Amino acid sequence: MNAIKRLINWFLNPPVTGQSAIVIIRLMTGSVFFWEGILKFVYVNQGVGRFTKLGFAFPAETAHFVAVCEIIGGLLLVAGLFTRIAAFYFIIQMIVAVLSTKIDLYLGTSPLPLPPAPPKDGIWAVLHEIRSDYAQILTCVFLLVEGAGRRSLDFIISTSQKFYAIDKK
């Protein structure tokens with residue numbers, strides 16, 4: 001039970017003393033998730049159509065849930081609010097995305113359109129197609145470990161709580 005409390009505390013009280021430049025990573029990662037979430041609503045082939053082709057149960061509901069989470073989570077990362085929670089969610093989401101799309105690409109059995117130019121299947125096709133997924137996963141791992149940095153709402157909340165605690169004494 002104590003370990004669970006420590007884990008919850010670790011998620012809810014991330015370090016906020018990191019470099020101010022962490023905002024650049026947050027802006028890049030959060031904005032990509034934000035606009036990808038919007039695209040799932042705007043273009044059927046990016047949302048419901050994609051989830052249908054991949055064989056997800058309840059593809060419309062799943063696509064809309066993922067899209068809403070990407071929009072909200074992306075905004076949370078941009079603002080630096082609940083950064084670790086959003087980063088952890090996106091790591092899991094991206095691993096599921098990679099596993100559900102790239103294994104079939106490797107095997108040459110993908111229900112999605114093949115890459116427009118060679119390589120069309122196999123490991124080189126996977127490595128080429130996974131590049132943005134890989135970058136998003138690693139930036140989220142960075143934010144999970146380092147927190148939001150000093151230019152974040154997490155920082156403002158954390159420091160205001162400390163000042164408030166000092167004032168109460």
Side-chain angles (χ1 to χ4, degrees), residues 1-41 46-48 50-51 54-104 126-127 129-169:
M1 191 62 159
N2 199 19
I4 293 172
K5 286 182 183 178
R6 282 198 314 264
L7 182 64
I8 291 170
N9 186 49
W10 185 82
F11 268 105
L12 296 179
N13 297 300
V16 290
T17 56
Q19 295 293 320
S20 295
I22 291 174
V23 70
I24 296 168
I25 302 296
R26 287 196 347 259
L27 289 172
M28 181 195 72
T29 307
S31 61
V32 169
F33 280 116
F34 174 73
W35 72 59
E36 287 295 320
I38 291 172
L39 283 172
K40 284 176 179 60
F41 284 115
Q46 295 297 318
V48 177
R50 185 176 185 88
F51 283 77
L54 291 170
F56 276 81
F58 309 106
E61 293 80 3
T62 305
H64 294 150
F65 175 79
V66 169
V68 167
C69 288
E70 286 181 347
I71 292 167
I72 293 170
L75 291 173
L76 288 173
L77 288 182
V78 168
L81 181 63
F82 304 122
T83 303
R84 276 190 165 159
I85 295 168
F88 181 74
Y89 167 78
F90 283 134
I91 291 166
I92 300 301
Q93 178 187 310
M94 293 307 297
I95 290 170
V96 170
V98 167
L99 292 174
S100 64
T101 60
K102 302 312 186 263
I103 292 172
D104 288 339
V126 170
L127 291 174
E129 292 295 313
I130 201 173
R131 65 193 183 280
S132 62
D133 302 328
Y134 181 67
Q136 289 295 93
I137 290 170
L138 289 183
T139 56
C140 285
V141 168
F142 175 85
L143 292 172
L144 181 68
V145 172
E146 289 297 318
R150 289 190 292 258
R151 295 179 189 248
S152 68
L153 290 178
D154 285 343
F155 175 80
I156 292 168
I157 291 168
S158 174
T159 54
S160 68
Q161 288 172 348
K162 289 176 185 170
F163 288 133
Y164 182 70
I166 292 170
D167 289 343
K168 286 182 100 175
K169 290 182 180 179

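Values in this document were obtained by computation on a predicted structure and should not be read as measured data. As a basis for the values below, the full set of heavy atoms in this structure was taken, side chains included, without hydrogen atoms, waters or symmetry mates. Positions are given from 1 along the sequence.
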Side chain to side chain contact (heavy atoms under 4.5 Å, CB included) between Phe142 and Ile25, intermediate numbers included: CA-CA 9 Å; Phe142 175 85; Ile25 302 296; 4.1 Å; yes

Give the intermediate values and the outcome of side chain to side chain contact (heavy atoms under 4.5 Å, CB included) for residues Met94 and Cys140. CA-CA 10 Å; Met94 293 307 297; Cys140 285; 6.0 Å; no

Show, in sequence, the C-alpha distance, side-chain angles and deciding distance for Ile71 and Val68, and conclude whether the side chain to side chain contact (heavy atoms under 4.5 Å, CB included) test is met. CA-CA 5 Å; Ile71 292 167; Val68 167; 5.6 Å; no

Could you walk me through whether Ile38 and Glu70 pass side chain to side chain contact (heavy atoms under 4.5 Å, CB included), step by step? CA-CA 8 Å; Ile38 291 172; Glu70 286 181 347; over 6 Å; no

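Taking the side chain as every heavy atom from C-beta outward, Ile103 and Val126 never approach each other to under 4.5 Å. With contacts defined as side-chain heavy-atom distances shorter than 4.5 Å, the pair Asp104/Leu54 does not qualify. Put simply, the side chain of Phe41 reaches to within 4.5 Å of the side chain of His64, judged on heavy atoms.
For the pair Arg84 (side chain) and Leu144 (backbone), a donor-acceptor distance under 3.5 Å is present. Looking only at distances, a side-chain donor or acceptor of Thr62 sits under 3.5 Å from a matching main-chain atom of Ala57. Between the side chain of Asp154 and the backbone N or O of Gly147, no donor-acceptor pair lies under 3.5 Å.
Residue Gly47 comes nearest to Ala63 through the heavy atom pair C-CB, 3.6 Å, listed as atom of the first residue, atom of the second, then distance. Minimum heavy-atom separation, Gly30 to Leu77: CA-CB, 3.8 Å. Annotation for Ala60 and Val48: closest pair CA-CG2, 3.7 Å, computed over non-hydrogen atoms. Of all heavy-atom pairs spanning Gly37 and Ala67, the tightest one is O-CB, 3.4 Å. Here the closest heavy-atom approach between residue Arg150 and residue Ser20 is recorded as NE-OG, 3.6 Å. Across every non-hydrogen atom of Ser152 and Gly80, the tightest pair is CB-O, 3.6 Å.
Taking the six-membered ring for Trp and thresholds of 30 and 60 degrees, Phe65 and Tyr89 have ring planes more than 60 degrees apart, a perpendicular arrangement. Using bins of under 30°, 30° to 60° and over 60° for the plane-to-plane angle, the ring pair Phe90/Phe33 lands in the parallel bin.
Put simply, CZ on Arg151 and CD on Gln19 are 10.5 Å apart, with the number rounded to the nearest 0.5 Å. To the nearest 0.5 Å, atom OG1 of residue Thr29 and atom CG of residue Leu143 are 5.5 Å apart. Note that the CG atom of Leu138 and the CG atom of Asp133 stand 11.0 Å from one another [nearest 0.5 Å]. Rounded to the nearest 0.5 angstrom, Thr139 OG1 and Met28 CE are separated by 4.5 Å. For the atom pair NZ of Lys40 and CZ of Arg50, the computed distance is 7.5 Å after rounding to the nearest 0.5 Å. Expressed to the nearest 0.5 Å, how far CD1 of Ile137 lies from CD1 of Ile91 amounts to 8.0 Å.
No more than 12 heavy atoms of other residues, nucleotides or ligands lie within 6.0 Å of CZ in Phe82, so this atom counts as exposed by the packing criterion. Crowding of Phe11 atom CZ: a count of heavy atoms from other residues, nucleotides or ligands under 6.0 Å exceeding 12.
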